[in-house]
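Okay, so here's the structure we're looking at.
As the structure is a computational prediction, the values presented were derived from the model and not from experiment. Sequence lines set the chain letters: A, B, ... in the order given, protein chains first and strands last, and positions in each chain run from 1.
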Number of protein chains: 2
Amino acid sequence: MARASTTSDAFNAVAEPRRREILTYLAGTERPVGEIVSALGLEQPSVSKHLRVLRNVGLVRMRCHGRQKLYRTNAEAIRPLHDWAATFERYWQHQLNRVKELAESTVHQSSADSNAAPKPTPNPKEKR
Amino acid sequence: MARASTTSDAFNAVAEPRRREILTYLAGTERPVGEIVSALGLEQPSVSKHLRVLRNVGLVRMRCHGRQKLYRTNAEAIRPLHDWAATFERYWQHQLNRVKELAESTVHQSSADSNAAPKPTPNPKEKR
DNA sequence: TTGACATATTCCCATATAGGCATGTAACGT
DNA sequence: ACGTTACATGCCTATATGGGAATATGTCAA
């Protein structure tokens, strides 16, 4: 199987950085496609496609006004994301405490540290 | 271009439902791979691959213990997601109010509702 | 060393992108 | 009707994926 469709849920839809930008831009206000294009500096067809994905998962709403279509973010649809992430809130608070304690007790210790993760490598070249 | 790598950031990594399950399962506790496998009912190679992705973006930490490797969720890495989503908090509150007011004032009359579907756009003769 | 156990990695492949470009379609002004 | 404006959609392609199966790597125990 390949990766799940971008339209399968909000999580997949917002994985794309541009779509996140669009959602941010459309938060609280309606905007026609053209303004999104010029504001974010993207190609018009690209914006239309992203909007289609966002609409499919309910992340944006659309309304026709003359020859233009006004889009706006449907914040409600972002809540599942927020709620899921909030589940971990208590844990990162714990971790902060742990880190703090650790820092206080090992202020001078050198780094023969074998548990540190192998670097949060952002973009491994990934061979195939 | 294809879709961005799953390892490009936390957003892409958590787009996969199984990886979210793993993160939830590993929240607050360390677990060896084998337990994740049996707990979530996935194939072992599959779990290993998902853990690799999660590790690459710093969403999990790993520690060796004998012949097994103990993983745990690094909640800190979920904060960016939470923070981004929280940006929209005020908007969904607004929306709730709007919906409420609307429901109160228009108990009898409701016209074409152009929001939900990715359907062919209905064609209201909007004038504004 | 050998064998069993715990994980990781590789190979293969059907599938779904996202971007660039061209074209289709709908609404407007004249 | 015609041209223009505002978007949407179709086509093409390089690329990355996730699952399954097989295999490799690493660690302990006897």
Side-chain angles (χ1 to χ4, degrees), chain A residues 1-9 11-22 30-57 60 62-71 114 118 122-128, chain B residues 1-9 11-22 30-57 60 62-71 118-128:
Chain A
M1 251 187 204
R3 227 200 288 201
S5 169
T6 55
T7 57
S8 49
D9 57 32
F11 286 92
N12 278 278
V14 304
E16 166 67 47
R18 267 67 191 270
R19 283 196 283 268
R20 259 174 281 148
E21 289 178 27
I22 292 177
E30 278 183 328
R31 304 276 189 192
V33 178
E35 280 192 29
I36 306 174
V37 169
S38 53
L40 305 186
L42 303 175
E43 298 292 325
Q44 176 268 312
S46 182
V47 170
S48 277
K49 288 173 193 170
H50 284 314
L51 288 172
R52 181 108 171 79
V53 172
L54 293 173
R55 224 155 74 91
N56 277 334
V57 295
V60 299
M62 188 263 280
R63 183 171 70 90
C64 294
H65 177 57
R67 52 183 132 178
Q68 49 191 10
K69 311 204 176 177
L70 306 177
Y71 285 85
S114 56
N123 281 321
K125 49 199 166 187
E126 212 88 345
K127 200 193 68 157
R128 237 174 206 256
Chain B
M1 251 188 198
R3 227 201 285 202
S5 170
T6 55
T7 58
S8 49
D9 57 33
F11 286 92
N12 279 277
V14 305
E16 166 66 46
R18 269 69 191 269
R19 284 197 282 268
R20 260 174 280 150
E21 289 178 27
I22 292 177
E30 277 183 329
R31 305 275 191 193
V33 178
E35 280 193 30
I36 306 174
V37 169
S38 52
L40 303 187
L42 303 174
E43 298 291 326
Q44 176 266 312
S46 181
V47 170
S48 277
K49 287 174 194 169
H50 284 314
L51 287 171
R52 181 112 171 72
V53 171
L54 293 173
R55 224 155 71 93
N56 277 336
V57 294
V60 299
M62 190 263 280
R63 182 171 71 91
C64 294
H65 176 57
R67 50 182 132 178
Q68 49 191 11
K69 311 206 175 174
L70 306 177
Y71 285 86
K119 281 301 196 178
T121 313
N123 223 352
K125 272 279 152 100
E126 286 271 3
K127 202 55 177 292
R128 210 161 62 88

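- Rounded to an integer number of Å, the gap from A:His50 NE2 to D:dA8 P is 13 Å.
- Distance CG/B:Leu54 to CE/B:Met62: 12.5 Å, rounded to 0.5 Å.
- A straight line from CD of B:Glu30 to P of C:dA6 spans 17 Å, rounded to a whole angstrom.
- At whole-Å resolution of the value, CG in A:Leu42 and P in D:dA8 are 14 Å apart.
- Between the CG atom in B:Leu51 and the OH atom in B:Tyr71 there is a gap of 5.0 Å [rounded to 0.5 Å].
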Side chains of residues 13-20 of chain A: which donor-acceptor pairs under 3.5 Å do they make with residues two or more places apart or in other chains?
from	atom 1	to	atom 2	distance (Å)
A:Glu16	OE2	A:Arg18	N	3.4
A:Arg19	NE	A:Ala13	O	2.6
A:Arg19	NH1	A:His50	ND1	3.1
A:Arg20	NE	A:Val14	O	2.7
A:Arg20	NH2	A:Ala15	O	3.0

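- A heavy-atom distance below 4.5 Å is not found between the side chains of A:Val53 and A:Asn56.
- The interatomic distance linking B:Met1 (CE) with D:dA16 (C1') rounds to 12 Å, in whole Å.
- Of the side-chain N and O atoms in A:Tyr71, one or more sit less than 4.0 angstrom from OP1 or OP2 of D:dA8.
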Contact letters for nucleotides 20-30 of chain D, in which S counts primed atoms plus P, OP1 and OP2 and B counts the base, heavy atoms under 4.0 Å: BBB----BSS-

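- As a whole-Å value, the separation of B:Leu51 CG from C:dA6 C1' is 13 Å.
- An OP1 or OP2 oxygen of C:dT17 is reached within less than 4.0 angstrom by a side-chain nitrogen or oxygen of A:Ser5.
- Contacts between residues 12-22 of chain B and DNA chain D, defined by a heavy-atom separation under 4.0 Å, are made by B:Glu16, B:Arg18, B:Arg19.
- Atoms CZ and OG1, on B:Arg55 and B:Thr7 in that order, are 13.0 Å from each other to the nearest 0.5 Å.
- As a whole-Å value, the separation of A:Arg52 CZ from C:dG19 P is 17 Å.
- Listed by chain and residue number, nothing satisfies the side-chain hydrogen bond (donor to acceptor under 3.5 Å, both in side chains) test with A:Glu21 (two or more places apart in sequence, or in another chain).
- Sequence order on DNA chain D of the closest nucleotides to A:Arg31 and A:Arg3 puts A:Arg31 first from the 5' end.
- The distance between atom CZ of A:Arg55 and atom C1' of D:dC7, rounded to the nearest whole Å, is 12 Å.
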Can I get a per-line list of side-chain donor-acceptor pairs under 3.5 Å for residues 35-47 of chain A, giving both atom names and the distance, sequence neighbours left out?
from	atom 1	to	atom 2	distance (Å)
A:Glu35	OE1	A:Arg31	NH1	3.4
A:Ser38	OG	A:Gly34	O	3.2
A:Ser38	OG	A:Glu35	O	3.3
A:Gln44	NE2	A:Ser48	OG	3.2

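- Axis deviation across the helix from C:dT1-D:dA30 to C:dT30-D:dA1 amounts to 20°, comparing end segments of five pairs, rounded to 10 degrees.
- In this structure, CZ on A:Arg67 lies 13.5 Å from NZ on A:Lys69, to the nearest 0.5 angstrom.
- For A:Lys49, there are no side chain to side chain contact (heavy atoms under 4.5 Å, CB included) partners, not counting sequence neighbours.
- B:Ser48 comes within contact range of at least one nucleobase, with a heavy-atom separation under 4.0 Å.
- Atom CG of B:Asn56 is separated from atom P of D:dG18 by 12 Å (rounded to the nearest Å).
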